[in-house]
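Everything below concerns the one structure shown next.
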Amino acid sequence: MTKGNKLVINSKFSAQDADITIKSSDGILFRLHRQNITTNSGAFPGSEVNTRRRILVVDDEVFKICRTTFESNADGQVVDLTEPAKVLEIVFQFIYPRKHPTLKDLDFGILMEVAEAVVKYEIFSAMNTCEGRLSECFPGHAVEVFTHAVKADYPDLINKSASLLCRTPLLDMVENLPSDCVIPWIRYQGLWQKTFDDVIKLVESFGSDSKCQILAAERNHRPALPWYICRSCRVSLLGWIIKLSQIKTLSSLRDVVDASNPSIDDNLEAGKLCDSCPDACHIYLSRVKKMFENRFAAIPPFTDFLKSKKTGV
């Protein structure tokens with residue numbers, strides 16, 4: 001941004017004894033101290049830095065710029081960055097010994113830009129703050145947070161967001177994932193789908209009989225009896241499983257499965273599969289619920305799939 005033929009210096013970063021000048025993508029200058037950058041940044045500047053010899057007019061003062069390498073000791077060196085001033089102003093507050101911003105008042109778009117910048121430049125003092133704020137952006141921004149967490153290697157954030165997205169249609173996820181995470185995600189989501197497929201197979205394996213109530217009652221005394229189920233109970237169970245498969249988040253899915261008397265059908269009392277065997281049907285529902293609970297508990301967190309990718313397992 002310029003005023004006439006002058007470049008504007010950010011008012012918060014305009015130290016007279018600065019030995020490096022940063023130029024934002026929208027033309028704002030930040031006058032900083034190289035020692036603070038070196039101490040608080042592990043990878044600054046980025047590989048895309050423009051290194052040029054030039055003369056800039058700034059507030060009627062002429063600065064001769066001799067930029068050859070970032071390590072140059074020349075006073076007045078200017079480094080071009082790809083982030084806009086509104087992002088850099090926040091980022092640079094983390095490299096000075098002062099109270100750091102909480103980022104609580106930022107809208108999500110700016111927060112993501114700041115989070116990406118502090119990862120790129122390895123400003124570690126800001127990473128935990130960004131991670132904490134991003135963890136508060138669920139469920140509305142789960143996809144964006146998940147994608148960033150994978151790139152930044154935030155394990156807790158990865159697993160929290162993955163649990164919210166595990167039932168998202170595969171194509172929607174693949175379009176947003178880094179290419180090297182596609183296979184791990186397909187494997188991860190495949191275990192969730194296999195859980196539903198196996199539970200359906202369990203219900204289909206039950207024999208058919210019209211005496212669901214009697215056989216279920218006898219099972220309390222003779223556990224080795226084959227499993228039989230009446231047609232109404234089978235239809236209700238399969239319908240309930242299909243409804244569960246349409247739930248988008250793991251937390252909501254677990255809430256339904258963990259309920260002591262889940263609502264199977266709007267026309268039936270909670271916890272009932274049919275009207276003809278209201279007491280006996282509970283034994284079939286309990287078995288299906290137990291299988292769901294065991295399978296959910298056995299699915300590893302998504303970070304385990306990423307580790308397998310790295311180790312080639």
Side-chain angles (χ1 to χ4, degrees), residues 1 8-15 17-51 70-71 77-162 164 176-178 181 302-303 306:
M1 181 182 297
V8 179
I9 298 178
N10 181 277
S11 60
K12 290 184 178 179
F13 298 94
S14 57
D17 60 344
D19 54 6
I20 181 171
T21 300
I22 305 298
K23 184 181 178 185
S24 67
S25 62
D26 49 353
I28 305 298
L29 300 183
F30 295 79
R31 302 192 63 194
L32 308 174
H33 301 90
R34 186 182 291 104
Q35 182 60 45
N36 291 85
I37 294 175
T38 303
T39 302
N40 296 284
S41 171
F44 189 92
S47 59
E48 80 287 354
V49 164
N50 181 15
T51 60
F70 180 69
E71 292 75 18
Q77 130 181 295
V78 170
V79 178
D80 291 278
L81 297 187
T82 58
E83 292 77 19
K86 62 184 177 182
V87 172
L88 294 180
E89 181 178 296
I90 297 169
V91 170
F92 290 148
Q93 292 180 59
F94 286 93
I95 68 173
Y96 281 89
R98 63 179 65 163
K99 187 175 181 180
H100 293 162
T102 64
L103 310 183
K104 289 188 177 296
D105 297 328
L106 298 184
D107 64 48
F108 182 76
I110 298 297
L111 175 61
M112 280 299 300
E113 289 187 72
V114 171
E116 290 170 358
V118 301
V119 169
K120 180 168 75 170
Y121 300 124
E122 295 183 6
I123 301 178
F124 300 109
S125 58
M127 288 184 184
N128 287 341
T129 302
C130 288
E131 183 178 5
R133 279 290 292 115
L134 289 172
S135 70
E136 300 170 2
C137 296
F138 298 123
H141 298 285
V143 173
E144 299 98 316
V145 172
F146 176 72
T147 303
H148 174 74
V150 169
K151 294 177 181 177
D153 193 21
Y154 293 146
D156 291 342
L157 207 55
I158 290 172
N159 291 326
K160 183 175 181 180
S161 50
L164 294 170
N176 290 282
L177 286 175
C181 290
F302 182 62
T303 47
L306 292 178

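Below, all heavy atoms of this structure are taken into account, side chains as well, without hydrogens, waters or symmetry copies.
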Donor-acceptor under 3.5 Å ([X] side chain, [Y] main chain):
X	Y	result
K160	S135	yes
S14	I9	no
S41	T38	no
R34	D19	yes
N10	I28	no
N159	F302	yes

Are any of the side-chain heavy atoms of [X] and [Y] separated by less than 4.5 Å?
X	Y	value
F30	T21	no
Y121	L81	yes
S25	P84	yes
E83	E116	no
F138	V145	yes
T102	T129	no

**OP:** Please report the C-alpha distance between L111 and H148 in whole Å, then the side-chain angles of each, then the deciding distance to 0.1 Å, and finally whether the side-chain contact (heavy atoms from CB on, under 4.5 Å) criterion is met.
**Re:** CA-CA 11 Å; L111 175 61; H148 174 74; over 6 Å; no
Original post:
What orientation do F13 and Y96 show, parallel under 30°, tilted 30 to 60°, or perpendicular over 60°?
Top reply: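 Plane angle between 30° and 60°, so tilted.
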**OP:** For atom CG of D105, decide whether the heavy atoms of other residues, nucleotides or ligands shown that lie under 6.0 angstrom number more than 12.
**Re:**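 Check fails, neighbour count at 12 or below.
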Original post:
Partners of N36 by side chain to side chain donor-acceptor pair (under 3.5 Å), sequence neighbours excluded?
Top reply: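 For N36, no residue satisfies side chain to side chain donor-acceptor pair (under 3.5 Å) once neighbours in sequence are set aside.
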Nearest 0.5 Å, please: how far is [atom2] in [Y] from [atom1] in [X]?
X	Y	atom1	atom2	answer
I20	I37	CD1	CD1	4.5 Å
M112	L134	CE	CG	6.0 Å
T82	L88	OG1	CG	8.0 Å

Kindly give the heavy-atom pair with the smallest separation between [X] and [Y], and that separation in Å.
X	Y	value
S161	A142	CB-O, 3.9 Å
A115	C130	CA-SG, 3.8 Å
L103	R133	O-NE, 2.9 Å

Subject >> Non-neighbouring partners of P178 that pass side chain to side chain contact (heavy atoms under 4.5 Å, CB included), sequence neighbours left out >> reply: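 Scan of P178 (side chain to side chain contact (heavy atoms under 4.5 Å, CB included), adjacent residues dropped) gives T147, V150, K151, D180, C181.
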Subject >> Worked check of side-chain contact (heavy atoms from CB on, under 4.5 Å) between H100 and Q93 >> reply: CA-CA 6 Å; H100 293 162; Q93 292 180 59; 5.6 Å; no
Original post:
Does the pair I90 and I110 meet the rule for a side-chain contact (heavy atoms from CB on, under 4.5 Å), with working shown?
Top reply: CA-CA 10 Å; I90 297 169; I110 298 297; 4.1 Å; yes
**OP:** Identify, with sequence neighbours excluded, every residue that meets ring-ring contact (aromatic ring centres under 6.0 Å, His included) alongside F108.
**Re:**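 Expected list: H141.
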Subject >> Steps toward side-chain contact (heavy atoms from CB on, under 4.5 Å) verdict (F92, I22) >> reply: CA-CA 10 Å; F92 290 148; I22 305 298; 3.8 Å; yes
